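Working notes for the structure below.
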Amino acid sequence: MQTDIARTLGIEFPIFAFTHCRDVVAAVSKAGGFGVLGAVGFTPEQLETELAWIDEHVGDAPYGVDIVIPGKYEGMGELDAEKLEADLKAMIPEQHRQFVDKILADHEVPEVPQEERMQELLGWTAATAGPQVEVALAHPKVKLLANALGTPPPDVIEEIHASGRLVAALCGAAKQAVRHKEAGVDIVIAQGTEGGGHTGDVGSMVLWPEVIDALGDTPMLAAGGIGTGRQMAAALAMGAQGVWTGSLWLTVEEADVPPAQMQSYLDAGSRDTVRSRSWTGKPCRMLRNDWTDAWEAEGNPKPLGMPMQFMVTSNAVQRGHKYPDQAKDVQFNPVGQIVGRMNKVRPVKDVIFDMVSDCIDASERLNGLLNQNADA
Ligand SMILES: Cc1cc2nc3c(=O)[nH]c(=O)nc-3n(C[C@H](O)[C@H](O)[C@H](O)COP(=O)(O)O)c2cc1C
C-alpha cells in the first residue's frame with residue numbers, strides 16, 4: 001500500500017499515528033505505520049528521555065515528533081520563556097484559578113503537593129517549542145516534525161529542512177493549507193471537525209477535497225474521524241497520500257491511559273464529544289463532562305486565550321492524572337467522534353492489520369462496481 005509519502009519515509013502503510021505515549025509510537029512504527037510523539041506536555045529534558053527510549057525500542061523504523069507553535073497566542077513574539085511565563089502569570093485573573101479549585105473541590109479531587117506541581121507554561125509557544133525542536137533533531141530516526149495550530153516560523157522550517165527532515169503542519173481550512181504550502185511546509189495534514197484535540201468547524205468529507213485541490217502537488221494527509229479502513233479508503237480515493245489518526249490510539253493495549261479514563265473512552269458514543277475552549281483556550285474536541293459544562297454555564301468565568309487558559313488548568317490536568325478515579329467527571333479527555341467505535345482494547349498491531357485489510361476490502365468493493373459496469 002504505497003503512496004509517494006510512504007515511499008519517501010520508508011514505511012509499509014501510509015498510516016500516521018499521533019500519540020503522547022512512547023510505547024504507541026514504537027509499536028506503530030514497528031507494525032509498518034508511522035508513530036508520531038506529541039511533545040507538547042514534555043520539558044526538553046523529558047522529551048530527550050522519551051526519544052532515547054523510542055530509539056531503543058523502534059528498531060530501524062522511522063518516527064516523527066509533533067510540536068505546537070500556534071499562529072496566534074498571548075505574548076507572541078517574546079522568546080524568553082521565563083519572562084513570558086512571568087508576564088502571562090501576572091495577567092491571569094485570580095477568579096479563574098479559584099473557579100478551577102472550586103470545580104475540583106466539588107468533585108473531591110485531591111491536591112497535588114506544591115513540590116510536585118508541573119511547570120505551567122509548556123510547549124504552546126515558540127519560546128518553549130524551540131528547545132523541543134533542538135532535542136528532536138538530535139535523534140536520527142526522527143524523520144518528520146509536525147506543527148499544530150499554525151504555520152511553523154520560517155527559521156524553524158529552515159532548521160528542520162537543513163537537517164534533512166520533512167516538515168508537516170495541521171490545518172482545518174483550505175486557506176491555512178495554502179499558507180503552509182507557501183511557507184515551504186512539505187506535507188499538510190487536513191483535520192476535519194470530527195477529530196480529537198484542537199479542531200476547526202468543517203467536516204472531513206468537505207475539507208479534504210477542498211484542501212487537496214488547493215494544494216496542487218503538495219501532499220495531504222487526511223485526519224479527523226478515521227477509525228476504519230473504509231474511512232481510510234475514502235480518504236485515499238479522494239487523493240490523500242495517507243491518513244493521520246489520533247483518537248484510535250487512546251484505547252490500545254500499549255497506551256499509557258489510566259483505567260478510569262480508558263473506561264470513559266470505551267463507554268462513550270459518537271455524540272458524547274464537544275468542542276470546548278475550557279482546557280487550552282482554543283476549540284478542542286473532547287468528551288463532554290461536568291468540567292466542560294461548568295465553563296459553559298452562565299455566570300461562570302469564560303476561558304482565557306492560549307496559553308493562559310492552560311496555565312490556569314495545568315494543575316487540574318495533573319490532578320486528573322494523579323487521581324483519575326476521583327477526577328472521572330472533570331478529566332481532560334481529548335478525543336474525536338470516532339470514540340463511538342472505540343469499544344475494545346486491542347494491541348497496536350491488530351488495529352493496523354484490521355485497518356489495512358478493511359481498506360483493501362473497500363477498494364476491492366469499488367473495483368467490483370467498476371467491473372460490473374464494464375461488463376454491463
Ligand atoms: C488526545 C489527543 C491529543 C492531541 N494533541 C495534539 C497535539 O498536541 N498536537 C497535534 O498536532 N495534534 C493533536 N491532536 C490531534 C491529532 O494529531 C489528530 O489530528 C487527530 O486526532 C485526528 O483525528 P481523530 O482523533 O479523529 O483520529 C490530538 C488528538 C488527540 C485525540
Side-chain angles (χ1 to χ4, degrees), residues 15-21 24-25 28 33-42 47 64-71 122-125 128-129 132 144-152 167-172 176 180 185 187-200 202-205 207-208 211 220-228 231-232 235 240 242-252 255-258 261-262 264-265 268 270 273 275-276 279-280 282-287 306-307 310 317 320-321 331-342 351 355:
I15 299 174
F16 294 72
F18 172 92
T19 170
H20 293 113
C21 177
V24 177
V25 173
V28 168
F34 191 87
V36 180
L37 186 74
V40 74
F42 299 117
L47 183 61
V65 171
D66 176 281
I67 53 168
V68 185
I69 307 180
L122 286 169
W124 305 98
T125 68
T128 44
Q132 294 175 336
L144 172 135
L145 272 93
N147 187 55
L149 296 177
T151 304
V167 182
L170 283 89
C171 79
Q176 294 162 350
H180 291 337
V185 165
I187 302 169
V188 172
I189 301 151
Q191 179 179 327
T193 190
E194 302 91 318
H198 291 109
T199 194
V202 181
S204 290
M205 194 57 105
L207 179 70
W208 296 338
V211 171
M220 186 202 84
L221 301 178
I226 296 171
T228 67
Q231 289 153 328
M232 178 172 171
V243 294
W244 176 280
T245 53
S247 297
L248 212 48
W249 312 104
L250 293 165
T251 52
V252 290
D256 180 20
V257 173
Q261 191 177 20
M262 178 83 83
S264 303
Y265 289 131
S270 51
T273 71
R275 266 171 93 231
S276 167
W279 286 99
T280 69
K282 286 193 191 277
C284 179
R285 189 171 295 284
M286 60 190 73
L287 290 184
M306 179 176 272
F310 190 76
V317 173
H321 284 167
Q331 182 76 274
F332 182 26
N333 294 319
V335 73
Q337 293 173 339
I338 197 69
V339 71
R341 301 189 65 113
M342 292 159 44
V351 176
M355 196 179 252

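Counting starts at 1 for both ligands and their atoms, following the listed order. Quantities reported herein were computed from a predicted structural model and do not represent experimental measurements.
- Annotation: W244 places an N or O atom under 3.5 Å from an N or O atom of ligand 1; distance criterion only.
- Atom-to-atom distance recorded for L221:CG and I15:CD1 is 12.0 Å, nearest 0.5 angstrom.
- L47 CG to I67 CD1: the interatomic distance, rounded to the nearest 0.5 Å, is 10.5 Å.
- Of the possible donor and acceptor atoms, one in the side chain of Q231 sits under 3.5 Å from a partner among the backbone N and O of G225.
- Between the choices Q191, M286, H20, the shortest heavy-atom distance to atom 3 (C) of ligand 1 belongs to H20.
- Under 4.0 angstrom from ligand 1, there are no non-hydrogen atoms of H198.
- Distance from atom 9 (N) of ligand 1 to its nearest protein heavy atom, with residue and atom name: D66 OD1, 2.8 Å.
- Each of the atoms 21 (O), 22 (C), 24 (P), 27 (O) of ligand 1 lies under 4.0 Å from some heavy atom of G246.
- Checked by atom type, the side-chain pair T193/R285 shows a donor-acceptor distance below 3.5 Å.
- With respect to atom 2 (C) of ligand 1, the closest heavy atom belonging to the protein is P334 CB, 4.0 Å.
- Comparing heavy-atom distances from atom 30 (C) of ligand 1 across G196, G192, A169, G224 singles out G196 as nearest.
- Nearest protein neighbour of atom 12 (N) of ligand 1, counting heavy atoms only, is F18 CE1, 4.0 Å.
- Of all heavy-atom pairs spanning M220 and A190, the tightest one is SD-CB, 3.6 Å.
- A tilted orientation is assigned to the rings of F34 and F16, their planes being inclined by 30° to 60°.
- Interface atoms of ligand 1 facing T245, defined by a heavy-atom separation under 4.0 Å, are 27 (O).
- Panel note: side chain Q176, backbone L170; no donor-acceptor pair is recorded below 3.5 Å.
- Here the options are V25, V257, V351, the test is side-chain contact (heavy atoms from CB on, under 4.5 Å), and the partner is W249; only V351 passes.
- The shortest N or O to N or O distance between G225 and ligand 1 is under 3.5 Å.
- Close approach of ligand 1 to A148 is summarised as follows: ligand atoms under 4.0 Å from at least one heavy atom of the residue are 9 (N), 10 (C), 11 (O).
- Among all protein heavy atoms, the one lying closest to atom 25 (O) of ligand 1 is S247 OG, 2.5 Å.
- Listed by chain and residue number, F18 satisfy the ring pair (Phe, Tyr, Trp, His ring centres under 6.0 Å) test with H20 (two or more places apart in sequence, or in another chain).
- Contacts with ligand 1 closer than 4.0 Å are made by side-chain heavy atoms of L170 only, the backbone lying farther away.
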